[in-house]
Amino acid sequence: MSNYSFPAARLQRTLTDPSKTPLVVVACGSFSPITHMHLRMFEMAVDHVRQNMSDVYEVVGGYMSPVSDYYNKAGLASAAHRVRMCELACEQTSDWLMVDPWEAMQSSYQPTAKVLDHINHEINTVLGGIRTSPTSDEHRPARVMLLGGSDLLQTMSQPGVWSKEDLDHILGLYGIFVIERSGSAVSDALDPLREWGDERGRDWVGNIHIVRQLIANDISSTRIRQFLRWGMSVHYLLPNVVIEYLREHGLYREEAPKEKEKGKERADSSSAAAAAAATSSS
Ligand SMILES: Nc1ncnc2c1ncn2[C@@H]1O[C@H](COP(=O)(O)OP(=O)(O)OP(=O)(O)O)[C@@H](O)[C@H]1O
Ligand SMILES: NC(=O)c1ccc[n+]([C@@H]2O[C@H](COP(=O)(O)O)[C@@H](O)[C@H]2O)c1
């Protein structure tokens with residue numbers, strides 16, 4: 001990892017309102033390829049904070065963390081390509097989003113709890129937190145929160161996909177913004193978690209922040225890969241710079257063997273995560 005450095009150039013290092021808690025939003029996923037919806041999720045989370053939690057939090061950063069090549073999911077491009085596409089998309093379409101390549105550079109699958117711990121450590125221990133005002137030397141620890149779609153939340157109550165310890169860590173300590181996604185009803189995803197949270201005497205659900213999609217956007221990377229294989233246009237679904245990169249590197253022209261086998265519309269992320277978790281623990 002000698003060539004790794006934590007990206008902090010766009011991290012807001014000083015609060016604009018000294019009374020607030022700095023908040024860093026982190027999306028973990030395969031991003032194969034990154035779509036406009038992946039980028040938009042962050043804007044939706046910021047709007048949610050401004051509208052519902054602005055008395056407590058100020059968003060100071062947003063990170064994407066693409067999974068490594070050890071995530072056993074069919075049809076993904078290499079981690080190097082996925083990280084680069086995310087970087088290009090962030091550089092060209094956003095003035096605050098960043099990509100942390102740490103997870104993608106690891107030589108084994110890293111559960112999401114570990115990724116959040118890593119970012120928390122970089123910001124709050126290595127960098128020492130966020131300055132409370134330009135005229136003060138006081139630093140405040142940033143709160144790190146996960147960001148994902150309701151399909152991700154749904155996997156959290158599927159047996160064997162997440163360990164109880166990791167759920168406790170993520171939902172108890174960090175918290176999550178959940179963007180509702182068609183096909184994954186939020187209430188169905190929340191109910192089992194509510195039971196487990198109570199069973200353990202902890203308020204998990206209080207740390208789950210549901211973000212409604214007021215303009216429904218159902219872009220999925222699986223669909224994009226399919227369109228590319230079929231020679232269809234993907235314009236206005238992904239940033240142009242990513243489309244250019246896909247063309248240059250000839251990505252997703254062939255169907256991945258496992259994807260073909262399954263013949264599925266959307267790769268089953270829960271089985272992929274379970275397989276990845278099984279690989280990492282074996
Ligand atoms: N259209 C969408 N609406 C809500 N959440 C989304 C949407 N697209 C992606 N996400 C969320 O973004 C995160 C990372 O996305 P991921 O890379 O898994 O994309 P995906 O489109 O779900 O991929 P795939 O189709 O390959 O499973 C996940 O938590 C996922 O739920
Ligand atoms: N046990 C875990 O930590 C666990 C389980 C399921 C998914 N995940 C993460 O959620 C994301 C899911 O991404 P995909 O939807 O692209 O499969 C990945 O970043 C994956 O690492 C983590």
Side-chain angles (χ1 to χ4, degrees), residues 25-45 63-77 79 82-83 85-86 89 100 102-104 106 108-117 146-171 174 176-186 189 210-228 237-238 252 256 258-259 262 264-281:
V25 182
V26 178
C28 292
S30 26
F31 305 105
S32 190
I34 182 169
T35 70
H36 276 142
M37 190 53 201
H38 290 132
L39 295 153
R40 176 133 187 87
M41 287 196 318
F42 285 89
E43 301 293 324
M44 292 169 75
Y63 288 91
M64 287 178 200
S65 177
V67 290
S68 71
D69 289 329
Y70 299 90
Y71 191 51
N72 188 14
K73 178 170 167 178
L76 303 190
R82 290 181 287 107
V83 166
M85 287 189 279
C86 286
D100 184 359
W102 178 84
E103 179 184 1
Q106 301 306 303
S108 61
Y109 172 72
Q110 298 296 310
T112 297
K114 285 259 163 35
V115 177
L116 298 180
D117 282 347
L146 182 62
L147 169 65
S150 49
D151 54 320
L152 182 79
L153 190 71
Q154 213 161 37
T155 68
M156 291 185 169
S157 54
Q158 287 171 3
V161 181
W162 301 78
S163 74
K164 280 276 170 81
E165 289 69 31
D166 281 6
L167 285 183
D168 212 10
H169 199 58
I170 295 170
L171 301 180
Y174 293 115
I176 182 172
F177 290 106
V178 176
I179 311 287
E180 67 175 357
R181 189 170 192 183
S182 73
S184 303
V186 165
I210 306 295
V211 183
R212 303 279 165 203
Q213 282 213 45
L214 298 180
I215 299 178
N217 187 335
D218 197 24
I219 303 179
S220 88
S221 296
T222 304
R223 277 287 171 161
I224 300 292
R225 296 196 294 273
Q226 219 165 42
F227 278 24
L228 290 164
L237 297 172
L238 335 174
Y252 308 116
K258 278 198 226 159
E259 241 179 353
K262 287 184 191 158
K264 279 176 143 190
E265 288 286 287
R266 185 186 285 167
D268 183 348
S269 56
S270 59
S271 58
T279 311
S280 71
S281 61

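Reckoned from all heavy atoms, side chains included, excluding hydrogens, waters and symmetry mates. Ligands are counted one by one from 1 in listed order, and the atoms in each one are counted from 1 as well.
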Can you check whether Pro33's main-chain N or O pairs, donor with acceptor, with Ser221's side chain at less than 3.5 Å?
yes
Check: of Leu152, Asp151, Ile34, Val67, min heavy-atom distance to atom 31 (O) of ligand 1 comes from Asp151
Side chain to side chain contact (heavy atoms under 4.5 Å, CB included) test vs Cys28 passes for just one of Leu147, Thr112, Asp100, Val67, namely Thr112
Check: Are any of the side-chain heavy atoms of Asp166 and Met156 separated by less than 4.5 Å?
Finding: no
For Pro111, the ligand 2 atoms with a heavy-atom partner under 4.0 Å come out as 3 (O)
Handout entry: Under 3.5 Å: N/O of Tyr71 near N/O of ligand 2
Key = yes
Note to self: Can you confirm, on distance only, whether ligand 2 has an N/O atom lying under 3.5 Å from any N/O atom belonging to Gly29?
What the structure shows: yes
Judged by atom type as modelled, is there a donor-acceptor pair below 3.5 Å linking the side chain of Glu43 to the main-chain atoms of Leu39?
no
Near Ser220 (heavy-atom distance under 4.0 Å), the atoms of ligand 1 are 21 (O), 25 (O)
Problem set entry | Heavy-atom check, side chain of Met64 versus side chain of Glu103, under 4.5 Å | no
Give the intermediate values and the outcome of side-chain contact (heavy atoms from CB on, under 4.5 Å) for residues His169 and Glu165.
-> CA-CA 6 Å; His169 199 58; Glu165 289 69 31; over 6 Å; no
>> With respect to Ser30, determine whether any N or O atom, backbone or side chain, lies less than 3.5 Å from an N or O atom of ligand 2.
In response: yes
### Query
Short N/O distance, under 3.5 Å, between Tyr109 and ligand 2?
yes
At under 4.0 Å between heavy atoms, what of Cys28 touches ligand 1? The answer is backbone
Residues Gln154 and Gly183: closest non-hydrogen pair is OE1-O, 4.3 Å
Heavy-atom closest pair (Ile219 atom, Arg181 atom, distance to 0.1 Å) is O-NH2, 3.5 Å
Next on the checklist: Any nitrogen or oxygen of Lys73, side chain or backbone, less than 3.5 Å from one on ligand 2?
Outcome noted: yes
So the atoms of ligand 1 within less than 4.0 Å of a heavy atom of Gln213 turn out to be 3 (N), 4 (C)
- prompt: Do any N or O atoms from the side chain of Ser150 and from the backbone of Val186 form a donor-acceptor pair under 3.5 angstrom?
  reply: no
_What I want to know is whether Gly148 and ligand 1 share at least one N or O pair that is separated by under 3.5 angstrom._
no
Taking every heavy atom of Ser68 against every heavy atom of Ala104, the minimum-distance pair comes out as CB-O, 3.6 Å
Do Thr35 side-chain atoms and Leu237 backbone N/O form a donor-acceptor pair below 3.5 Å? no
**Report entry** Sub-4.0 Å heavy-atom contact, Arg223 with ligand 1
**Finding:** no
**Prompt:** If you measure every N/O of Lys73 against every N/O of ligand 1, is any gap under 3.5 Å?
**Reply:** yes
- Residue pair Trp162 / Thr155, side-chain donor-acceptor N/O under 3.5 Å: yes
Contact region, Leu152 to ligand 2, non-hydrogen atoms below 4.0 Å, reads side chain
Min over Val161, Thr112, Thr155, Leu116 of heavy-atom distance to atom 1 (N) of ligand 2 lands on Val161
Quiz item: Do ligand 1 and Ile219 have nitrogen or oxygen atoms that lie under 3.5 Å from each other?
Solution: yes
When every non-hydrogen atom of Trp102 is compared with those of Gln110, the smallest separation belongs to CH2-OE1, 3.8 Å
If you measure every N or O of Ser221 against every N or O of ligand 1, does any of those distances drop under 3.5 Å? yes
Quiz item: Touching ligand 1 at all, Gly75? Heavy atoms, strictly under 4.0 Å?
Solution: no
* **Any donor-acceptor N/O pair, Gln213 side chain to Glu180 backbone, under 3.5 Å** => yes
Cys28 heavy atoms within 4.0 Å reach ligand 2 at atoms 11 (C), 19 (O)
Counting heavy atoms under 4.0 Å, the part of Leu76 that contacts ligand 1 is neither
Next on the checklist: Looking only at distances, can you tell me whether any N or O atom of His38, backbone or side chain, sits closer than 3.5 Å to an N or O atom of ligand 1?
Outcome noted: yes
If you compare Arg82, Met64, Arg40, Arg181 by their heavy atoms, the one closest to atom 30 (C) of ligand 1 turns out to be Arg181
One finds that the ligand 1 atoms under 4.0 Å from a non-hydrogen atom of Phe31 are 17 (O)
Ligand 1 atoms nearer than 4.0 angstrom to some heavy atom of Ser30 are 17 (O)
Counting from 1 in the order shown, the ligand 1 atoms closer than 4.0 Å to a non-hydrogen atom of Thr222 are 24 (P), 25 (O), 26 (O), 27 (O)
| query | Is there side-chain contact between Tyr63 and Leu116, with at least one heavy-atom pair below 4.5 Å? | reply | no
Arg225 heavy atoms within 4.0 Å reach ligand 1 at atoms 26 (O)
